[in-house]
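Only a predicted model underlies this, so the values are computations on that prediction, with no experimental measurement involved. We count ligands from 1, going down the list as the structure has it; atoms in each ligand are counted the same way.
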Amino acid sequence: MIEDVGRLAQLIIESKKIVVFTGAGISTESGIPDFRSPGGVWSRYDPEDFTIQKFLSSQETRENIWKMSVEAGLLIEAKPNPTHYATAELHRLGKLDCVVTQNIDNLHQKAGVPEDKVFELHGNMQWVVCTGCRKRFPLPEVLQKVKEGMAVPHCPDCQSILKPDVVFFGEALPQETLTEAIRRAQSCDLFIVIGSTLVVYPAAYMPAYARKAGARLAIVNLTPTSLDHHTTVVIHGKAGEIMTRVMEKVRQVGQE
Ligand code: NAD
Ligand code: ZN
């Protein structure tokens, strides 16, 4: 493990264009549950409720989702943890090309990574979008209406259904973001996966694109992933602890 921390630090030192690819696992240390771990979201909610078809066709599903969004208020209050700060430090060191994230929690930006360097494949929970006129509203504004008793909020302008501005099952990923994320993956020199099981596609193809184009690949995750055998460095453990040690090592070598 100590050796692997040193190897990842060395890879970072040798690299100039790093893409950090993150999943729900990096935010568990900020108190946001991931989907697939025990106690994760899928053990408490029905994934069927998160299809776009169901959301648009069932009033009951919409009520459930808004109820859950109120409960998920913690998402708005959540604070970045050492993994988010490590990524922001890579930016300050001039090594970060970009972050490609499956997360919708806005924590990379809160930690100091500039917005134009964060590619969000699944949207951002801070926003709500009208399915009719596509106007966007800040989430707290809409949640306030739910708390005041409006079980299913509607667009104040065109009365259409409002939807959290995140990608539901059955919905396409934002095309421009995806295309740019693939281009970045294909032109980086180091691709670091942190906190993702790498099972949700097409996001999970990203490390394969990077590797095929010649980048080195590193994975930091609590549990094994399907790509562990194809990487230069794999470290299993808590991302926050590992990335703290990796960045200490990067700083230490930088001063020598
Ligand atoms: P996932 O739930 O499938 O997997 C998370 C992975 O992180 C697991 O392999 C787990 O072992 C690992 N993990 C958990 N805690 C960790 C820690 N402290 N350190 C290192 N690894 C840790 O999540 P996924 O692969 O990102 O895909 C699921 C989808 O869920 C994504 O599309 C994402 O949009 C969405 N999601 C987002 C959030 C968020 O924004 N924070 C939260 C839940 C789900
Ligand atoms: Zn509207």
Side-chain angles (χ1 to χ4, degrees), residues 20-45 47 50 68-69 72 74-84 86 99-111 118-137 139 142 153-169 171 173-174 177-178 192-207 218-228 234-246:
V20 175
F21 178 86
T22 60
I26 74 156
S27 294
T28 54
E29 289 164 75
S30 292
I32 303 173
D34 63 12
F35 276 3
R36 291 175 181 78
S37 294
V41 175
W42 289 155
S43 60
R44 289 179 295 123
Y45 288 95
F50 292 82
M68 177 182 164
S69 302
L74 72 129
L75 220 82
I76 299 168
E77 283 146 31
K79 293 191 175 60
N81 66 53
T83 305
H84 301 102
V99 175
V100 177
T101 187
Q102 297 175 273
N103 295 346
I104 55 173
D105 55 29
N106 208 38
L107 291 182
H108 284 296
Q109 294 92 326
K110 269 193 195 166
V118 184
F119 293 91
E120 296 171 310
L121 299 178
H122 297 159
N124 187 318
M125 189 67 197
Q126 309 293 308
W127 294 95
V128 172
V129 66
C130 170
T131 55
C133 68
R134 306 305 299 173
K135 190 169 169 190
R136 297 211 303 167
F137 303 90
L139 177 70
V142 178
H154 283 87
C155 175
D157 292 358
C158 75
Q159 306 307 316
S160 299
I161 293 172
L162 290 181
K163 180 182 101 49
D165 197 10
V166 299
V167 176
F168 280 47
F169 292 123
E171 253 189 318
L173 268 64
T177 307
L178 182 62
I192 311 176
V193 176
I194 318 178
S196 175
T197 352
L198 295 175
V199 293
V200 180
Y201 291 90
Y205 286 127
M206 222 59 78
I219 296 183
V220 177
N221 201 54
L222 203 54
T223 51
T225 78
S226 58
L227 278 186
D228 282 4
V234 183
I235 311 178
H236 291 150
K238 283 197 169 180
E241 288 167 19
I242 293 166
M243 291 312 293
T244 300
R245 289 163 62 182
V246 168

(request) Give the intermediate values and the outcome of side chain to side chain contact (heavy atoms under 4.5 Å, CB included) for residues Met206 and Gln102. (result) CA-CA 11 Å; Met206 222 59 78; Gln102 297 175 273; over 6 Å; no
(message) I'd like to check which ligand 1 atoms, numbered from 1 as shown, lie under 4.0 Å from a non-hydrogen atom of Glu29.
(response) 17 (C), 18 (N), 19 (N)
(request) Pull out every atom of ligand 1 sitting under 4.0 Å from any heavy atom of Ile104, numbered as shown with elements. (result) 39 (C), 40 (O)
(request) Apply the test side chain to side chain contact (heavy atoms under 4.5 Å, CB included) to residues Val193 and Leu227: give CA-CA distance (whole Å), side-chain angles for both, the deciding distance (0.1 Å), then the verdict. (result) CA-CA 10 Å; Val193 176; Leu227 278 186; 6.0 Å; no
(message) With heavy-atom distances below 4.0 Å as the criterion, list the atoms of ligand 1 near Asn221.
(response) 6 (C), 7 (O), 8 (C), 9 (O), 11 (O), 12 (C), 21 (N)
(request) Consider every N or O of Ala24 and every N or O of ligand 1, then say whether any pair is closer than 3.5 Å. (result) yes
(message) Checking side-chain polar atoms at under 3.5 Å, does Ser160 have a donor or acceptor matched by the opposite partner on Thr131?
(response) no
(message) Which of the numbered atoms in ligand 1 are under 4.0 angstrom from any heavy atom belonging to Pro33?
(response) 42 (C), 43 (C)
(message) Does the residue Gly240 have a heavy-atom contact with ligand 1, meaning some pair of atoms that are separated by less than 4.0 Å?
(response) no
(request) Could you grab the distance from atom CD of Glu120 to atom NE2 of His108, nearest 0.5 Å is fine? (result) 9.0 Å
(message) For Val200, which part has a heavy atom under 4.0 Å from ligand 1: side chain, backbone, both, or neither?
(response) side chain
(message) Between Lys110 and Ala78 (side chain of the first, backbone of the second, donor and acceptor by atom type, cut-off under 3.5 Å), is there such a pair?
(response) yes
(request) Report yes if some N/O of Gly23 lies less than 3.5 Å from some N/O of ligand 1; otherwise report no. (result) no
(message) Rounded at 0.5 Å granularity, tell me how far OG in Ser27 sits from CG in Asn103.
(response) 4.5 Å
(message) Among Leu198, Thr83, Asp34, which one puts a heavy atom closest to atom 5 (C) of ligand 1?
(response) Asp34
(message) Show me which atoms of ligand 1 lie under 4.0 Å from any heavy atom of Ala239.
(response) 17 (C), 19 (N), 20 (C)
(request) Enter the distance from Tyr205:OH to Leu178:CG here, rounded to the nearest 0.5 Å. (result) 11.5 Å
(request) Please work out whether any backbone atom (N, CA, C, O) or any side-chain heavy atom from C-beta onward of His122 is under 4.0 Å from ligand 1, and answer side chain, backbone, both or neither. (result) side chain
(request) Might you work through the side chain to side chain contact (heavy atoms under 4.5 Å, CB included) test for His122 and Val166, ending with a clear yes or no? (result) CA-CA 6 Å; His122 297 159; Val166 299; 5.7 Å; no
(message) Test your reading of the model: is there a side-chain donor-acceptor pair from Asn221 to the backbone of Ile194, 3.5 Å cut-off?
(response) no
(request) Look at the side chain of Thr28 and the backbone N and O of Gly25, then say whether any donor-acceptor pair between them is shorter than 3.5 Å. (result) yes
(message) Could you check whether atom NZ of Lys238 has more than 12 heavy atoms from other residues, nucleotides or ligands sitting under 6.0 Å from it?
(response) no
(request) With side chain to side chain contact (heavy atoms under 4.5 Å, CB included) as the test, would you mind laying out the steps for Leu107 and Ser30 before giving the verdict? (result) CA-CA 9 Å; Leu107 291 182; Ser30 292; 3.7 Å; yes
(message) What's the separation between atom SG in Cys133 and atom CD in Gln159, rounded to the nearest 0.5 Å?
(response) 10.0 Å
(message) Is there a side chain to side chain donor-acceptor pair (under 3.5 Å) between Gln109 and Gln126? Walk through the geometry before answering.
(response) CA-CA 12 Å; Gln109 294 92 326; Gln126 309 293 308; over 6 Å; no
(request) Would you mind counting protein N, O or S atoms that sit less than 2.8 Å from the Zn ion (ligand 2)? (result) 4
(request) Only heavy atoms count here, so choose which of Thr223, Asp105, Asn81 is nearest to atom 41 (N) of ligand 1. (result) Asp105
(message) Heavy atoms only, cut-off 4.0 Å: how does Leu222 contact ligand 1, side chain, backbone, both, or neither?
(response) both
(message) Using modelled atom types and a 3.5 Å cut-off, is there a donor and acceptor pairing between side-chain atoms of Asn81 and backbone atoms of Ile26?
(response) yes
(request) Look at atom 1 (P) of ligand 1 and find which of Thr101, Ile26, Val166, Thr197 reaches it with the closest heavy atom. (result) Thr197
(message) Less than 4.0 Å is my threshold; does some heavy atom of Gly237 fall inside it relative to ligand 1?
(response) yes
(request) Heavy-atom contacts with Lys238 under 4.0 Å: which atoms of ligand 1 show up? List them by number with element. (result) 19 (N)
(request) Check for a donor-acceptor pair, side chain of Thr83 on one end and backbone N or O of Gly240 on the other, with a separation under 3.5 Å. (result) yes
(request) Could you tell me which atoms of ligand 1, counted from 1 in the order shown, lie closer than 4.0 angstrom to a heavy atom of Ser27? (result) 41 (N)
(message) Under 4.0 Å, heavy-atom basis, I'd like to know which part of Ile32 is in contact with ligand 1: side chain, backbone, both or neither.
(response) side chain
(message) Distance under 4.0 Å to a non-hydrogen atom of Gly195: what atoms of ligand 1 satisfy this?
(response) 5 (C), 6 (C), 7 (O), 21 (N)
(request) Measure Ala204 to ligand 1 on non-hydrogen atoms and call it side chain, backbone, both or neither using the 4.0 Å cut-off. (result) neither
